[in-house]
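As structure tokens, the structure follows; a few thoughts come after it.
Reminder, nothing fancy here: chain letters follow the sequence lines and each chain counts from 1.
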Amino acid sequence: MIVIIDYGRGNLRSVQKGFEHAVAHDLDVRVSGDPKLIAEADGLVLPGVGAFGDAKASLDRGGLSELITQRALAGVPLLGICLGMQLLLDKSLEFGEHEGLGLVAGTCRPFPQDVGIKVPHIGWNTLDFSAARSSLFEGIPAEGSVYFVHSYYCALENPAESIARTDYGIEFVSALQKGNIFGVQFHPEKSSTIGLKMLSNFAEVVSKGEY
Amino acid sequence: MLAKRVIPCLDVTDGRVVKGVNFVDLRDAGDPVEMAAAYDKAGADEVVFLDITATSDARPAMLEVAARTSEQCFIPYTVGGGMRSVADMRAMLAQGADKISLNSAALKNPQIVAQTSALFGSQCIVVAIDARKVPGSHPARWEAFVAGGRKNTGLDALQWAREATRLGAGEILLTSMDCDGVKEGFDIDLTRAVTSAVSVPVIASGGAGKLDDFAEVILEADADAVLAASVFHFGELSVLEVKQALAREGICVRIPE
């Protein structure tokens, strides 16, 4: 069972429908904020749209921050999407400074103002994942495009945890992997065939327990 | 590099597509959801649904369309038309819509742009502007129209674009009423004026007729996205043909797998 963590933030229905469409066999995908289900899940998805501080506070209130961290450290595959990826980091500089889950070393930073780009970064951009190998990109064509909507990006301390980079004024980390912990800055559920393939790759990781 | 977007627009009334279609393999050519899914497969970057339902009691049909779209269409989609309250918009987003397009509602009450962009994020809020050139104006001036282009607000379109952006609009969907339906190309002057006036992405709409029109408005007016309805629905042009034409001009586009 994969649980898409519901903490009152973001578009969960699209993520759920994406998984259901992407995976052929009967995959049990639930949207839930119930700690009991999260504790039992074979895989977790942390979605999220909105502001970092609010989102983290919601997770804390429900006691979910600790639970998610615990499960991820126990080896349960976890996929953070968009804000959900950013939440994996130590902290974010969005509207002040906020602490994240601290599963991946790094800081979430705003795009620079002086490089001639429009912020937020909205639209289809290409992934360069040639420098790393990840089960998430199995069967994904090189230079494939995915859909982004964000104003902040993840600056990682350990470059080896970056599995894809994207160019938008600067080159930023558009996907990360640290063992069983995955994060994507884009929206696979809105990235057509390529995005659905990544969701099915994650489901594969969950069902096989290999990453 | 960020791709320029190609966006088909579907006019919907009572949950059905208004204009005819030429897609093959559709079980129900009048179903906006099937069309959106077909556009996803055809390589469209986004889809816009414009609800032109006249009566408010038929509105729930659009919610149902949005709900089904999230099950079959895996590219971002925008819904516009008829939503007036924050509750209307929240309900639409909960079905899986990515963006809400506001036109008359925003002109009537500009604060709704500030309110909803603070609540849902600027990336969710598109302000649609239907602009018509003031006859004989020189230098050219454009005014914003509402009620499907029937009513002149008298408001300067550029000024409104700036104001909407200041209030939090994440994107401007700009339709030239002078060019719409004429199929002789987008309104380059209007589009350039708006892209110069605001710092958010501008979607150019109205006037697409032939392949070259799309590259022209991107290269000459700096549009971030191009939107068209009838040329796609009637099969005169395909999304892929448009993208290939843009690519030939050196414009970055997403060529689907």
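Each of B/Pro76, B/Ser70, B/Ala3 has some count of heavy-atom pairs under 4.5 Å with chain A, and the biggest count is that of B/Pro76. Chain B forms more heavy-atom pairs under 4.5 Å with one residue of A/Pro141, A/Ala22, A/Pro120 than with any other, namely A/Pro141.
Neither the backbone nor the side chain of A/Ile117 has a heavy atom closer than 4.5 Å to any heavy atom of chain B. Interface residue A/Ile122: backbone and side-chain heavy atoms are both found under 4.5 Å from chain B. For a residue to count as touching a neighbouring chain, one of its non-hydrogen atoms must lie under 4.5 Å from one of that chain's; by this rule A/His187 does not touch chain B. At a 4.5 Å heavy-atom cutoff, the contact between B/Ala67 and chain A is made by backbone and side-chain atoms alike.
Two residues are said to be in side-chain contact when any heavy atoms from C-beta on lie closer than 4.5 Å; B/Ile75 and A/Trp124 meet this criterion. A heavy-atom distance below 4.5 Å is not found between the side chains of B/Lys41 and A/Ser192. Between B/Glu71 and A/His21 the shortest side-chain heavy-atom distance does not fall below 4.5 Å. Inter-residue side-chain proximity for A/Lys190 and B/Tyr77 is flagged as met; some heavy-atom pair is nearer than 4.5 Å.
Contacts between residues 30-41 of chain A and chain B, defined by a heavy-atom separation under 4.5 Å, are made by no residue at all.
Qualifying ring-ring contact (aromatic ring centres under 6.0 Å, His included) partners for A/His98, counting only residues two or more places apart in sequence or in other chains: none.
Taking CG of A/Leu199 as the reference point, atom CZ of B/Phe74 lies at 9.0 Å (rounded to 0.5 Å). Interatomic distance, B/Asp98 CG to A/Glu189 CD, rounded to the nearest 0.5 Å: 8.0 Å.
Under the 3.5 Å distance criterion, the side-chain polar atoms of B/Arg254 are left unmatched by any main-chain donor or acceptor of A/Thr126.
Checking B/Val198, B/Val200, B/Asp224 one by one against A/Lys118, the side chain to side chain contact (heavy atoms under 4.5 Å, CB included) holds for a single residue, B/Asp224.
Open room surrounds CE on B/Met1; 12 or fewer heavy atoms of other groups in view lie less than 6.0 Å from it. No more than 12 heavy atoms of other residues, nucleotides or ligands shown are found within 6.0 angstrom of CD on A/Glu99.
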Give the C-alpha distance, both sets of side-chain angles, the deciding distance and a yes or no for side chain to side chain contact (heavy atoms under 4.5 Å, CB included) between A/Tyr168 and B/Leu2. CA-CA 7 Å; A/Tyr168 189 59; B/Leu2 192 64; 3.7 Å; yes

